[in-house]
Protein chains: 2
Amino acid sequence: MSSPFAPLFAHIARYVPLSAAEADTLQTYLTRQTIARKEHLLTEGQICPANYFVLRGCLRTYLATEKGNEQTIQFGIEDWWLTDYASLDTQTPSQFYIQAVENTEVVVLDRRVQEEVFSRLPQLERYFRLLLQKSTAAALFRIKFIFSLSGEARYHHFNSTFPGFVQRVPQYMLASYLGFTPEFLSKIRAKVSHT
Amino acid sequence: MSSPFAPLFAHIARYVPLSAAEADTLQTYLTRQTIARKEHLLTEGQICPANYFVLRGCLRTYLATEKGNEQTIQFGIEDWWLTDYASLDTQTPSQFYIQAVENTEVVVLDRRVQEEVFSRLPQLERYFRLLLQKSTAAALFRIKFIFSLSGEARYHHFNSTFPGFVQRVPQYMLASYLGFTPEFLSKIRAKVSHT
DNA sequence: TTCATTTCTTGAACTAGATTAAGTTTTTTT
DNA sequence: AAAAAAACTTAATCTAGTTCAAGAAATGAA
């Protein structure tokens, strides 16, 4: 299969069976989009336009804090869906930004067709239910780590869970994702390399 | 309708239409369970047996930290589903406890029938997909608050978002849910009442 | 290859919140 | 109603991580 959506279909197949006819139907609802590094798919105040599946590259969700910093709350790499469900579900302005960390290619499932696709393809609804169960579980684990590990321990845990990922993002983004300052991350790394 | 599951059916109806026949079908998969205060529905090391809908009372999910403390990561009151999806999905031992904070009555959807119900009742699968979208959104907001507000600000925010809830749980549970110590919560309250 | 911008590092002073410990109040059990 | 257990408070001391500031290194643009 040489569809431009092939990696998505492969991902779906890992969760639910999807016939060729169903894949064709789904295809008519999807588009592809390329975003250059630092460009935004979503900006604070905007209604989140779609759900995005990363084909290549890396996205992040962040928010602007009152002190003028960016707080990264989520990364999305290959084979991950990323969106702001709060805004998508209720058609209300988002409090977040979704930005490309690298030059990125995504599959776009527009919010205006999402419910219609689910009605036509119950298997796809199941696929999303299963993914959402996974991400709900992941969010609980994230909260567990935030509250039960020190900053330094969170960094090491993240590194061993996602080896190599540290190289893909600027340290200040990773620091805010892990819940501390870039200066503190710098100190952790200095400590490690002196060992 | 005087089904013992009436509050659940009412909740479902807020998200998807469910015919009387479908409600009957669903009913055959559900049971009811009463749990006394401090009893557990799930213990660390056990495979999570079910998804629980709170009819009356209050549940919490917590974990035992290395230092011997309990870290509350989630509360569930009336009209909320609570489970450990990580354990439920993969049939692996849970890292969490689910405990009744008050004497509590729940509807039980056993893990062994869950997927079968969804196959027979696509509307129910949609209902859960919608709920999971909400809880994914809520988890992101939670992470946002953890990282962008001070402990004191998190307490005040929680209080104004869930007025009255503070009275229902021991302060040490709330403190760990909010990510600080009971002593610190005590100081916050002292500060407020001296105003 | 140079200039400009962005990212990363280091150190000193500081603070939000933890820890420890003892006493008080409230709730539960008998 | 008394005793026991659980929950909450207060205060002194301590520390993980912040803030601020200035310089060094890496990256990108021209």
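Every value quoted in this text rests on a predicted model; they were computed, and no experiment measured them.
Out of D:dT18, D:dT9, C:dC8, the shortest distance to the side chain of A:P170 is found at C:dC8. Nearest nucleotide to the B:R37 side chain, out of C:dT28, D:dT18, C:dC8: C:dT28. For A:K38, counting side-chain heavy atoms from C-beta on, the closest listed nucleotide (C:dT6, D:dA6, D:dT9) is C:dT6. Nearest nucleotide to the side chain of B:A190, out of C:dT9, D:dT10, C:dT7: D:dT10. Side chain of A:S186, nearest nucleotide from D:dT9, C:dT10, C:dG17: C:dT10.
The separation between B:R154 atom CZ and C:dA16 atom P is 13 Å, rounded to whole Å. Taking atom CZ of residue B:R189 and atom P of nucleotide D:dA11, one finds them 17 Å apart after rounding to whole Å. Distance A:L149 CG to D:dG17 P: 10 Å, rounded to the nearest Å. When rounded to the nearest whole Å, the span between OH of A:Y172 and P of D:dT18 equals 17 Å. The CG-P distance, from A:N69 to D:dT18, rounds to 11 Å in whole Å. Here the C1' atom of nucleotide C:dT28 and the CD atom of B:E102 are 16 Å apart, to the nearest Å. Remark: C1' of D:dC8 and CE of B:M173 are 14 Å apart, rounded to the nearest angstrom. In this structure, the CZ atom of A:F147 is 13 Å from the C1' atom of C:dG17, given to the nearest Å.
Between B:E183 and A:F180, it is B:E183 whose nearest contact on DNA chain D lies nearer the 5' terminus. Along DNA chain D, the nucleotide nearest to A:K187 and the one nearest to B:L185 differ in position, and the one closer to the 5' end is contacted by B:L185.
Look at A:S150 and you won't find any side-chain N or O under 4.0 angstrom from OP1 or OP2 of D:dA16. OP1 or OP2 of C:dT9 sits under 4.0 Å from a side-chain N or O of A:Q171.
A 6.0 Å sphere centred on NZ of A:K144 holds more than 12 heavy atoms belonging to other residues, nucleotides or ligands. Crowding of A:Q91 atom CD: a count of heavy atoms from other residues, nucleotides or ligands under 6.0 Å exceeding 12.
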After noting the C-alpha distance and the side-chain angles of A:R168 and A:E78, does the key distance pass the salt bridge (Lys or Arg N to Asp or Glu O under 4.0 Å) rule? CA-CA 12 Å; A:R168 285 179 74 172; A:E78 287 80 5; 3.3 Å; yes
Go through it in stages, so that I can follow the logic: the residues are B:E116 and B:Y29, the test is side chain to side chain donor-acceptor pair (under 3.5 Å), and I'd like the CA-CA distance, side-chain angles, deciding distance and then a yes or no. CA-CA 9 Å; B:E116 188 187 328; B:Y29 290 98; 2.8 Å; yes
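A:F180 pairs in a side chain to side chain contact (heavy atoms under 4.5 Å, CB included) with only one of the listed residues (A:R154, A:K187, A:E152), which is A:R154.
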